[in-house]
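Below you'll find the structure, written out as C-alpha coordinates, and then a few comments.
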There are 2 protein chains.
Amino acid sequence: MTGERGPRALQRAETRRTLLRESRKLFAAQGYAAVGLAEIVRAAGVTKGALYHHFDSKTDLFRAVLAEVQEEVAVRVAAAGDAQAEPWDQLAAGCRAFLEAGADPDFQRILLVDGPAVLGWAEWRALDEQGSARHLVDALTTLVEAGLLAPQPVQPLARLLSGAMNEAALWLATTAEPGALEDTWAALARMLESLRAE
Amino acid sequence: MTGERGPRALQRAETRRTLLRESRKLFAAQGYAAVGLAEIVRAAGVTKGALYHHFDSKTDLFRAVLAEVQEEVAVRVAAAGDAQAEPWDQLAAGCRAFLEAGADPDFQRILLVDGPAVLGWAEWRALDEQGSARHLVDALTTLVEAGLLAPQPVQPLARLLSGAMNEAALWLATTAEPGALEDTWAALARMLESLRAE
DNA sequence: GGTTTCACATACCGTTGGTATGTCAAGTAA
DNA sequence: TTACTTGACATACCAACGGTATGTGAAACC
(Lines give C-alpha, C1' and ligand atoms only; values in the text may rest on other atoms or scores of the structure.)
Protein backbone atom coordinates (compact mmCIF):
# COMPACT_ATOMS: atom_id res chain seq x y z
CA MET A 1 0.00 0.00 0.00
CA THR A 2 1.16 3.48 -0.72
CA GLY A 3 -0.37 4.70 2.50
CA GLU A 4 2.25 2.87 4.54
CA ARG A 5 4.66 5.14 6.37
CA GLY A 6 7.75 3.41 7.62
CA PRO A 7 11.03 5.14 8.47
CA ARG A 8 12.25 4.11 5.06
CA ALA A 9 9.55 5.94 3.16
CA LEU A 10 9.98 8.98 5.36
CA GLN A 11 13.70 9.07 4.76
CA ARG A 12 13.15 8.69 1.07
CA ALA A 13 10.67 11.53 0.95
CA GLU A 14 12.91 13.80 2.93
CA THR A 15 15.93 13.13 0.75
CA ARG A 16 13.88 13.88 -2.32
CA ARG A 17 12.59 17.11 -0.84
CA THR A 18 16.09 18.18 0.13
CA LEU A 19 17.34 17.48 -3.38
CA LEU A 20 14.52 19.50 -4.88
CA ARG A 21 14.99 22.38 -2.47
CA GLU A 22 18.74 22.70 -2.90
CA SER A 23 18.78 22.24 -6.64
CA ARG A 24 16.03 24.77 -6.98
CA LYS A 25 18.08 27.34 -5.08
CA LEU A 26 21.10 26.66 -7.25
CA PHE A 27 19.20 26.58 -10.53
CA ALA A 28 17.51 29.86 -9.70
CA ALA A 29 20.74 31.55 -8.65
CA GLN A 30 23.10 30.36 -11.36
CA GLY A 31 21.00 28.85 -14.12
CA TYR A 32 20.65 25.24 -15.18
CA ALA A 33 23.82 24.94 -17.23
CA ALA A 34 26.11 26.63 -14.72
CA VAL A 35 25.34 24.34 -11.81
CA GLY A 36 26.84 20.87 -11.73
CA LEU A 37 25.48 17.76 -10.10
CA ALA A 38 28.46 17.75 -7.75
CA GLU A 39 27.42 21.11 -6.37
CA ILE A 40 23.84 19.96 -5.94
CA VAL A 41 24.63 16.79 -4.05
CA ARG A 42 27.13 18.63 -1.89
CA ALA A 43 24.49 21.18 -0.91
CA ALA A 44 21.98 18.43 -0.24
CA GLY A 45 24.46 16.42 1.81
CA VAL A 46 24.07 13.29 -0.28
CA THR A 47 25.95 11.65 -3.16
CA LYS A 48 25.32 11.37 -6.84
CA GLY A 49 24.01 7.88 -6.25
CA ALA A 50 21.14 9.26 -4.22
CA LEU A 51 20.31 11.79 -6.88
CA TYR A 52 20.17 9.19 -9.60
CA HIS A 53 18.11 6.95 -7.36
CA HIS A 54 15.41 9.62 -7.27
CA PHE A 55 15.75 11.17 -10.72
CA ASP A 56 16.60 9.75 -14.12
CA SER A 57 18.86 12.58 -15.16
CA LYS A 58 19.82 16.16 -14.51
CA THR A 59 17.08 17.19 -16.91
CA ASP A 60 14.56 15.06 -15.03
CA LEU A 61 15.53 16.76 -11.78
CA PHE A 62 15.07 20.13 -13.41
CA ARG A 63 11.69 19.07 -14.71
CA ALA A 64 10.57 18.21 -11.19
CA VAL A 65 11.82 21.54 -9.88
CA LEU A 66 10.09 23.43 -12.65
CA ALA A 67 6.82 21.63 -12.01
CA GLU A 68 7.06 22.60 -8.37
CA VAL A 69 7.66 26.26 -9.13
CA GLN A 70 4.90 26.30 -11.70
CA GLU A 71 2.44 24.78 -9.29
CA GLU A 72 3.18 27.53 -6.79
CA VAL A 73 2.58 30.22 -9.37
CA ALA A 74 -0.63 28.55 -10.51
CA VAL A 75 -1.89 28.49 -6.94
CA ARG A 76 -1.16 32.19 -6.48
CA VAL A 77 -2.87 33.09 -9.75
CA ALA A 78 -5.89 30.93 -9.00
CA ALA A 79 -6.18 32.32 -5.48
CA ALA A 80 -6.12 35.90 -6.74
CA GLY A 81 -8.77 35.08 -9.30
CA ASP A 82 -11.03 33.23 -6.92
CA ALA A 83 -10.99 36.18 -4.57
CA GLN A 84 -13.02 38.11 -7.12
CA ALA A 85 -16.72 37.64 -7.71
CA GLU A 86 -17.10 38.85 -11.28
CA PRO A 87 -15.54 36.82 -14.13
CA TRP A 88 -13.94 39.87 -15.60
CA ASP A 89 -12.37 40.84 -12.29
CA GLN A 90 -11.14 37.29 -11.90
CA LEU A 91 -9.19 37.54 -15.13
CA ALA A 92 -7.74 40.90 -14.25
CA ALA A 93 -6.77 39.83 -10.73
CA GLY A 94 -5.14 36.67 -12.04
CA CYS A 95 -3.12 38.59 -14.61
CA ARG A 96 -1.98 41.06 -12.02
CA ALA A 97 -1.01 38.28 -9.62
CA PHE A 98 1.01 36.69 -12.39
CA LEU A 99 2.86 39.93 -13.04
CA GLU A 100 3.66 40.28 -9.37
CA ALA A 101 4.84 36.70 -9.17
CA GLY A 102 7.63 37.77 -11.48
CA ALA A 103 9.40 39.28 -8.51
CA ASP A 104 10.41 35.76 -7.51
CA PRO A 105 13.82 34.88 -9.04
CA ASP A 106 12.94 31.17 -9.09
CA PHE A 107 10.01 32.02 -11.27
CA GLN A 108 12.03 34.04 -13.74
CA ARG A 109 15.09 31.95 -14.27
CA ILE A 110 13.71 28.44 -13.86
CA LEU A 111 10.31 28.82 -15.39
CA LEU A 112 10.75 31.49 -18.01
CA VAL A 113 14.38 31.48 -19.07
CA ASP A 114 15.79 27.98 -18.64
CA GLY A 115 12.52 26.07 -18.92
CA PRO A 116 12.01 26.30 -22.68
CA ALA A 117 15.69 25.81 -23.45
CA VAL A 118 16.24 22.79 -21.22
CA LEU A 119 13.01 20.93 -21.85
CA GLY A 120 12.38 22.21 -25.33
CA TRP A 121 9.59 24.61 -26.13
CA ALA A 122 7.03 21.92 -26.86
CA GLU A 123 7.36 20.21 -23.49
CA TRP A 124 7.62 23.51 -21.67
CA ARG A 125 4.44 24.60 -23.35
CA ALA A 126 2.66 21.41 -22.31
CA LEU A 127 3.70 21.93 -18.69
CA ASP A 128 2.71 25.56 -18.87
CA GLU A 129 -0.68 24.54 -20.18
CA GLN A 130 -1.46 22.44 -17.13
CA GLY A 131 -0.08 25.17 -14.88
CA SER A 132 -0.94 28.83 -14.79
CA ALA A 133 -1.72 29.07 -18.49
CA ARG A 134 -4.68 26.78 -18.00
CA HIS A 135 -6.31 29.29 -15.70
CA LEU A 136 -5.89 31.94 -18.33
CA VAL A 137 -7.58 29.82 -20.98
CA ASP A 138 -10.35 28.93 -18.54
CA ALA A 139 -10.98 32.54 -17.64
CA LEU A 140 -11.07 33.64 -21.26
CA THR A 141 -13.39 30.81 -22.23
CA THR A 142 -15.74 31.68 -19.39
CA LEU A 143 -15.81 35.30 -20.49
CA VAL A 144 -16.57 34.39 -24.08
CA GLU A 145 -19.35 32.03 -23.06
CA ALA A 146 -20.80 34.64 -20.76
CA GLY A 147 -20.83 37.08 -23.65
CA LEU A 148 -18.50 39.46 -21.84
CA LEU A 149 -15.69 38.92 -24.29
CA ALA A 150 -15.93 39.35 -28.02
CA PRO A 151 -16.33 35.89 -29.58
CA GLN A 152 -12.98 34.77 -30.95
CA PRO A 153 -10.56 31.85 -30.86
CA VAL A 154 -9.29 31.67 -27.31
CA GLN A 155 -6.03 29.85 -27.92
CA PRO A 156 -4.19 32.55 -29.88
CA LEU A 157 -5.39 35.18 -27.49
CA ALA A 158 -4.19 33.20 -24.51
CA ARG A 159 -0.78 32.76 -26.14
CA LEU A 160 -0.44 36.46 -26.82
CA LEU A 161 -1.39 37.40 -23.29
CA SER A 162 0.74 34.69 -21.75
CA GLY A 163 3.78 35.77 -23.73
CA ALA A 164 3.18 39.41 -22.95
CA MET A 165 3.01 38.72 -19.24
CA ASN A 166 6.01 36.41 -19.24
CA GLU A 167 8.17 39.01 -20.91
CA ALA A 168 6.81 41.81 -18.80
CA ALA A 169 7.54 39.86 -15.63
CA LEU A 170 11.15 39.44 -16.68
CA TRP A 171 11.43 43.08 -17.58
CA LEU A 172 9.94 44.21 -14.32
CA ALA A 173 12.44 42.10 -12.41
CA THR A 174 15.44 43.85 -13.93
CA THR A 175 14.29 47.40 -14.38
CA ALA A 176 14.99 49.93 -11.69
CA GLU A 177 12.42 52.34 -13.05
CA PRO A 178 9.92 53.28 -10.33
CA GLY A 179 6.30 52.74 -11.20
CA ALA A 180 7.22 50.20 -13.84
CA LEU A 181 4.77 47.69 -12.42
CA GLU A 182 1.92 50.18 -12.47
CA ASP A 183 2.77 51.37 -15.97
CA THR A 184 2.90 47.82 -17.23
CA TRP A 185 -0.30 46.92 -15.51
CA ALA A 186 -2.00 49.97 -16.98
CA ALA A 187 -0.96 48.98 -20.49
CA LEU A 188 -1.99 45.37 -19.95
CA ALA A 189 -5.32 46.37 -18.44
CA ARG A 190 -5.99 48.54 -21.45
CA MET A 191 -5.30 45.61 -23.71
CA LEU A 192 -7.68 43.45 -21.75
CA GLU A 193 -10.34 46.13 -21.91
CA SER A 194 -10.02 46.19 -25.67
CA LEU A 195 -11.23 42.63 -25.78
CA ARG A 196 -14.54 43.36 -24.12
CA ALA A 197 -17.70 42.59 -26.02
CA GLU A 198 -19.53 45.64 -27.26
CA MET B 1 44.41 49.65 -42.95
CA THR B 2 41.41 47.45 -42.64
CA GLY B 3 40.63 47.97 -46.28
CA GLU B 4 43.56 45.79 -47.29
CA ARG B 5 42.56 42.50 -48.92
CA GLY B 6 45.28 39.95 -49.08
CA PRO B 7 44.73 36.20 -49.49
CA ARG B 8 45.16 35.92 -45.74
CA ALA B 9 42.30 38.22 -44.87
CA LEU B 10 40.08 36.56 -47.43
CA GLN B 11 40.79 33.12 -46.06
CA ARG B 12 40.14 34.34 -42.57
CA ALA B 13 36.82 35.88 -43.51
CA GLU B 14 35.71 32.77 -45.33
CA THR B 15 36.60 30.47 -42.46
CA ARG B 16 34.67 32.66 -40.08
CA ARG B 17 31.65 32.71 -42.36
CA THR B 18 31.74 28.93 -42.73
CA LEU B 19 31.92 28.51 -38.96
CA LEU B 20 28.96 30.82 -38.49
CA ARG B 21 26.90 29.17 -41.19
CA GLU B 22 27.46 25.58 -40.05
CA SER B 23 27.05 26.28 -36.36
CA ARG B 24 23.89 28.20 -37.07
CA LYS B 25 22.41 25.22 -38.89
CA LEU B 26 23.34 22.89 -36.04
CA PHE B 27 22.19 25.23 -33.27
CA ALA B 28 18.87 25.74 -35.00
CA ALA B 29 18.32 22.04 -35.60
CA GLN B 30 19.44 20.59 -32.27
CA GLY B 31 19.71 23.45 -29.83
CA TYR B 32 22.78 25.00 -28.25
CA ALA B 33 23.39 22.42 -25.55
CA ALA B 34 22.93 19.38 -27.77
CA VAL B 35 25.55 20.30 -30.35
CA GLY B 36 29.21 19.91 -29.50
CA LEU B 37 32.17 21.81 -30.82
CA ALA B 38 33.45 18.62 -32.43
CA GLU B 39 30.34 18.44 -34.58
CA ILE B 40 30.62 22.06 -35.56
CA VAL B 41 34.24 21.94 -36.63
CA ARG B 42 33.63 18.70 -38.51
CA ALA B 43 30.79 20.31 -40.46
CA ALA B 44 32.91 23.36 -41.14
CA GLY B 45 35.89 21.29 -42.22
CA VAL B 46 38.27 22.90 -39.74
CA THR B 47 39.61 22.06 -36.30
CA LYS B 48 38.87 23.33 -32.85
CA GLY B 49 41.97 25.47 -33.07
CA ALA B 50 40.43 27.46 -35.89
CA LEU B 51 37.22 27.94 -33.98
CA TYR B 52 39.01 29.25 -30.92
CA HIS B 53 41.10 31.49 -33.10
CA HIS B 54 37.94 33.24 -34.26
CA PHE B 55 35.78 33.01 -31.14
CA ASP B 56 36.54 33.17 -27.45
CA SER B 57 34.22 30.36 -26.46
CA LYS B 58 31.24 28.32 -27.51
CA THR B 59 29.05 30.98 -25.97
CA ASP B 60 30.83 33.67 -27.96
CA LEU B 61 30.22 31.75 -31.17
CA PHE B 62 26.57 31.46 -30.29
CA ARG B 63 26.43 35.17 -29.58
CA ALA B 64 27.74 35.92 -33.05
CA VAL B 65 25.21 33.55 -34.63
CA LEU B 66 22.37 35.09 -32.67
CA ALA B 67 23.39 38.59 -33.66
CA GLU B 68 23.35 37.51 -37.30
CA VAL B 69 19.88 35.99 -37.06
CA GLN B 70 18.57 38.99 -35.20
CA GLU B 71 19.93 41.35 -37.79
CA GLU B 72 18.10 39.45 -40.51
CA VAL B 73 14.83 39.64 -38.61
CA ALA B 74 15.34 43.33 -37.94
CA VAL B 75 15.87 43.95 -41.64
CA ARG B 76 12.68 42.12 -42.54
CA VAL B 77 10.66 43.98 -39.93
CA ALA B 78 12.10 47.33 -40.96
CA ALA B 79 11.50 46.62 -44.63
CA ALA B 80 7.86 45.73 -44.03
CA GLY B 81 7.39 48.88 -42.00
CA ASP B 82 9.09 51.16 -44.50
CA ALA B 83 6.84 49.87 -47.24
CA GLN B 84 3.94 51.64 -45.57
CA ALA B 85 3.31 55.34 -45.73
CA GLU B 86 1.29 55.94 -42.58
CA PRO B 87 2.97 55.55 -39.18
CA TRP B 88 0.16 53.39 -37.91
CA ASP B 89 0.39 51.07 -40.90
CA GLN B 90 4.13 50.89 -40.41
CA LEU B 91 3.68 49.53 -36.91
CA ALA B 92 1.06 47.03 -38.01
CA ALA B 93 3.11 45.83 -40.98
CA GLY B 94 6.21 45.47 -38.83
CA CYS B 95 4.33 43.41 -36.26
CA ARG B 96 2.87 41.19 -38.90
CA ALA B 97 6.26 40.70 -40.51
CA PHE B 98 7.66 39.71 -37.15
CA LEU B 99 4.94 37.13 -36.66
CA GLU B 100 5.61 35.68 -40.07
CA ALA B 101 9.32 35.58 -39.41
CA GLY B 102 8.52 33.02 -36.75
CA ALA B 103 8.20 30.41 -39.46
CA ASP B 104 11.98 30.34 -39.62
CA PRO B 105 13.35 27.64 -37.26
CA ASP B 106 16.60 29.56 -36.79
CA PHE B 107 14.57 32.42 -35.47
CA GLN B 108 12.62 30.34 -32.99
CA ARG B 109 15.26 28.15 -31.47
CA ILE B 110 18.30 30.40 -31.57
CA LEU B 111 16.73 33.75 -30.91
CA LEU B 112 13.76 32.97 -28.74
CA VAL B 113 14.45 29.72 -26.92
CA ASP B 114 18.18 29.35 -26.44
CA GLY B 115 19.09 33.02 -26.57
CA PRO B 116 17.92 34.05 -23.11
CA ALA B 117 19.12 30.84 -21.48
CA VAL B 118 22.61 30.85 -22.99
CA LEU B 119 23.41 34.54 -22.77
CA GLY B 120 21.27 35.33 -19.77
CA TRP B 121 18.13 37.39 -20.04
CA ALA B 122 19.86 40.72 -19.44
CA GLU B 123 22.31 40.35 -22.31
CA TRP B 124 19.67 38.85 -24.57
CA ARG B 125 17.47 41.80 -23.83
CA ALA B 126 20.26 44.24 -24.67
CA LEU B 127 20.84 42.51 -28.01
CA ASP B 128 17.13 42.43 -28.68
CA GLU B 129 16.94 46.13 -27.98
CA GLN B 130 19.41 46.97 -30.73
CA GLY B 131 17.67 44.52 -33.05
CA SER B 132 14.04 44.25 -33.95
CA ALA B 133 12.78 45.53 -30.59
CA ARG B 134 14.31 48.90 -31.36
CA HIS B 135 12.05 49.31 -34.35
CA LEU B 136 9.08 48.58 -32.17
CA VAL B 137 10.05 51.23 -29.64
CA ASP B 138 10.73 53.69 -32.45
CA ALA B 139 7.38 53.08 -34.05
CA LEU B 140 5.50 53.45 -30.78
CA THR B 141 7.36 56.61 -29.90
CA THR B 142 6.58 58.10 -33.28
CA LEU B 143 2.92 57.30 -32.86
CA VAL B 144 2.76 58.86 -29.42
CA GLU B 145 4.52 62.02 -30.63
CA ALA B 146 2.18 62.22 -33.60
CA GLY B 147 -0.74 62.02 -31.25
CA LEU B 148 -1.99 58.83 -32.86
CA LEU B 149 -1.32 56.74 -29.80
CA ALA B 150 -2.62 57.46 -26.32
CA PRO B 151 0.19 59.11 -24.35
CA GLN B 152 1.80 56.51 -22.10
CA PRO B 153 5.18 55.08 -21.17
CA VAL B 154 6.47 53.34 -24.26
CA GLN B 155 8.87 50.90 -22.65
CA PRO B 156 6.36 48.71 -20.81
CA LEU B 157 4.11 48.68 -23.81
CA ALA B 158 6.94 47.62 -26.09
CA ARG B 159 7.85 44.80 -23.70
CA LEU B 160 4.31 43.53 -23.58
CA LEU B 161 3.95 43.55 -27.33
CA SER B 162 7.40 42.08 -27.89
CA GLY B 163 6.70 39.24 -25.48
CA ALA B 164 3.29 38.63 -26.98
CA MET B 165 4.73 38.37 -30.46
CA ASN B 166 7.65 36.19 -29.41
CA GLU B 167 5.38 33.68 -27.76
CA ALA B 168 2.86 33.81 -30.56
CA ALA B 169 5.59 33.16 -33.12
CA LEU B 170 6.66 30.05 -31.24
CA TRP B 171 3.11 28.88 -30.93
CA LEU B 172 2.39 29.41 -34.59
CA ALA B 173 5.41 27.36 -35.53
CA THR B 174 4.21 24.28 -33.68
CA THR B 175 0.48 24.41 -34.10
CA ALA B 176 -1.14 22.56 -36.95
CA GLU B 177 -4.35 24.51 -36.62
CA PRO B 178 -5.28 26.12 -39.93
CA GLY B 179 -5.88 29.83 -39.82
CA ALA B 180 -3.83 30.15 -36.65
CA LEU B 181 -1.77 32.94 -38.13
CA GLU B 182 -4.84 34.91 -39.13
CA ASP B 183 -6.52 34.35 -35.78
CA THR B 184 -3.43 35.46 -33.94
CA TRP B 185 -3.01 38.46 -36.15
CA ALA B 186 -6.63 39.41 -35.63
CA ALA B 187 -6.21 39.31 -31.86
CA LEU B 188 -2.96 41.23 -32.01
CA ALA B 189 -4.40 43.84 -34.36
CA ARG B 190 -7.28 44.32 -31.99
CA MET B 191 -4.85 44.90 -29.15
CA LEU B 192 -2.98 47.45 -31.21
CA GLU B 193 -6.22 49.20 -32.09
CA SER B 194 -7.04 49.50 -28.41
CA LEU B 195 -4.00 51.70 -27.98
CA ARG B 196 -5.17 54.33 -30.45
CA ALA B 197 -5.66 57.84 -29.20
CA GLU B 198 -9.28 58.85 -28.95
C1' DG C 1 16.27 -15.25 11.69
C1' DG C 2 17.39 -15.89 7.28
C1' DT C 3 16.42 -13.68 3.00
C1' DT C 4 15.11 -10.03 0.13
C1' DT C 5 14.49 -5.28 -0.81
C1' DC C 6 15.67 -0.72 -0.97
C1' DA C 7 17.99 3.72 -0.32
C1' DC C 8 21.65 5.11 -0.93
C1' DA C 9 27.44 5.36 -1.33
C1' DT C 10 31.64 4.36 -4.10
C1' DA C 11 34.25 3.86 -8.11
C1' DC C 12 34.58 4.46 -12.67
C1' DC C 13 33.85 5.92 -17.75
C1' DG C 14 33.23 8.59 -22.18
C1' DT C 15 32.57 13.07 -23.67
C1' DT C 16 32.77 17.86 -23.36
C1' DG C 17 34.51 22.75 -23.45
C1' DG C 18 38.77 24.84 -23.03
C1' DT C 19 44.00 25.53 -23.35
C1' DA C 20 48.87 25.21 -24.37
C1' DT C 21 51.85 24.41 -27.89
C1' DG C 22 53.45 23.38 -32.53
C1' DT C 23 53.58 24.47 -37.62
C1' DC C 24 53.88 26.53 -41.85
C1' DA C 25 52.55 29.89 -45.25
C1' DA C 26 51.74 34.98 -45.85
C1' DG C 27 53.53 39.38 -44.96
C1' DT C 28 57.55 42.72 -44.10
C1' DA C 29 61.95 45.04 -44.19
C1' DA C 30 67.07 44.70 -45.74
C1' DT D 1 66.63 37.33 -52.52
C1' DT D 2 66.80 36.61 -47.68
C1' DA D 3 66.17 36.81 -42.86
C1' DC D 4 62.66 37.64 -39.68
C1' DT D 5 57.96 38.33 -37.88
C1' DT D 6 53.07 37.68 -37.86
C1' DG D 7 49.01 35.24 -38.13
C1' DA D 8 45.80 31.43 -39.18
C1' DC D 9 45.25 27.69 -38.11
C1' DA D 10 46.31 22.16 -36.48
C1' DT D 11 47.67 18.94 -32.74
C1' DA D 12 47.86 17.24 -28.20
C1' DC D 13 46.28 17.49 -23.96
C1' DC D 14 43.50 18.44 -19.58
C1' DA D 15 40.00 19.05 -15.91
C1' DA D 16 35.25 18.67 -15.24
C1' DC D 17 30.95 17.05 -16.43
C1' DG D 18 26.78 13.87 -16.81
C1' DG D 19 25.96 9.24 -16.48
C1' DT D 20 26.56 4.17 -15.07
C1' DA D 21 27.88 -0.08 -12.86
C1' DT D 22 28.63 -1.99 -8.66
C1' DG D 23 28.97 -2.31 -3.64
C1' DT D 24 26.76 -1.96 1.18
C1' DG D 25 24.16 -1.97 5.20
C1' DA D 26 19.91 -1.23 7.42
C1' DA D 27 14.94 -1.91 7.10
C1' DA D 28 11.09 -4.86 5.66
C1' DC D 29 9.21 -9.32 4.92
C1' DC D 30 8.14 -14.37 5.44
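Within every chain, numbering begins at 1; the chains are lettered A, B, ... in the order of the sequence lines, protein sequences first and strands thereafter. Model, not experiment: these values are computed from the prediction.
When the C1' atom of dC8(C) is taken as reference, atom CD of Glu14(A) falls 14 Å away, rounded to whole Å. Between the CD1 atom of Ile40(A) and the C1' atom of dG18(D) there is a distance of 11 Å, given to the nearest Å. Residue Asp60(B) contributes atom CG, which lies 12 Å from atom P of dT19(C) at whole-angstrom precision. In this structure, Leu10(B) atom CG and dC9(D) atom P are separated by 12 Å, rounded to whole Å. For the pair Leu51(A) CG and dG19(D) P, the interatomic distance rounds to 10 Å; values are reported in whole Å. For the pair Gln11(B) CD and dA25(C) C1', the computed distance is 11 Å after rounding to whole Å. The separation between Arg16(B) atom CZ and dC9(D) atom C1' is 15 Å, rounded to whole Å.
With respect to the salt-bridge test (charged N to carboxylate O, under 4.0 angstrom), the residues Arg63(A) and Asp60(A) qualify. Salt-bridge check for Glu193(A) with Arg196(A): passed, with a basic side-chain N closer than 4.0 Å to an acidic carboxylate O. Ion pairing of Glu72(A) with Arg76(A) is absent here, as no side-chain N (NZ or NE/NH1/NH2) approaches a carboxylate O to less than 4.0 Å. A salt bridge does not link Arg42(B) to Glu39(B): none of the charged nitrogens lies less than 4.0 Å from a carboxylate oxygen. Salt bridge Asp128(A)/Arg159(A): present, at least one basic N to carboxylate O contact under 4.0 Å.
Note on the helix from dG1(C)-dC30(D) to dA30(C)-dT1(D): angle between the axes of the first and last five pairs equals 10°, rounded to 10 degrees.
Under 4.0 angstrom from either OP1 or OP2 of dC6(C) there lies no side-chain N or O belonging to His53(A). Residue Thr15(B) places at least one side-chain N or O under 4.0 Å from the OP1 or OP2 atom of dC9(D).
Of the listed residues (Thr47(A), Leu37(A), Leu61(A)), just one forms a side chain to side chain contact (heavy atoms under 4.5 Å, CB included) with Tyr52(A), and that residue is Leu37(A).
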For this session: Indicate for each nucleotide in nucleotides 10-18 of chain C, in 5' to 3' sequence, whether protein heavy atoms under 4.0 Å reach the base (B), only the sugar-phosphate (S), or nothing (-).
Result: B------BB
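You'll find the side chain of Val35(B) stays beyond 4.5 Å of the side chain of Phe62(B), heavy atoms only.
Residues meeting the salt bridge (Lys or Arg N to Asp or Glu O under 4.0 Å) test with Asp114(A), sequence neighbours left out: Arg109(A).
Note: Phe98(A) and Phe107(A) have perpendicular aromatic rings, judged against thresholds of 30 and 60 degrees for the angle between ring planes.
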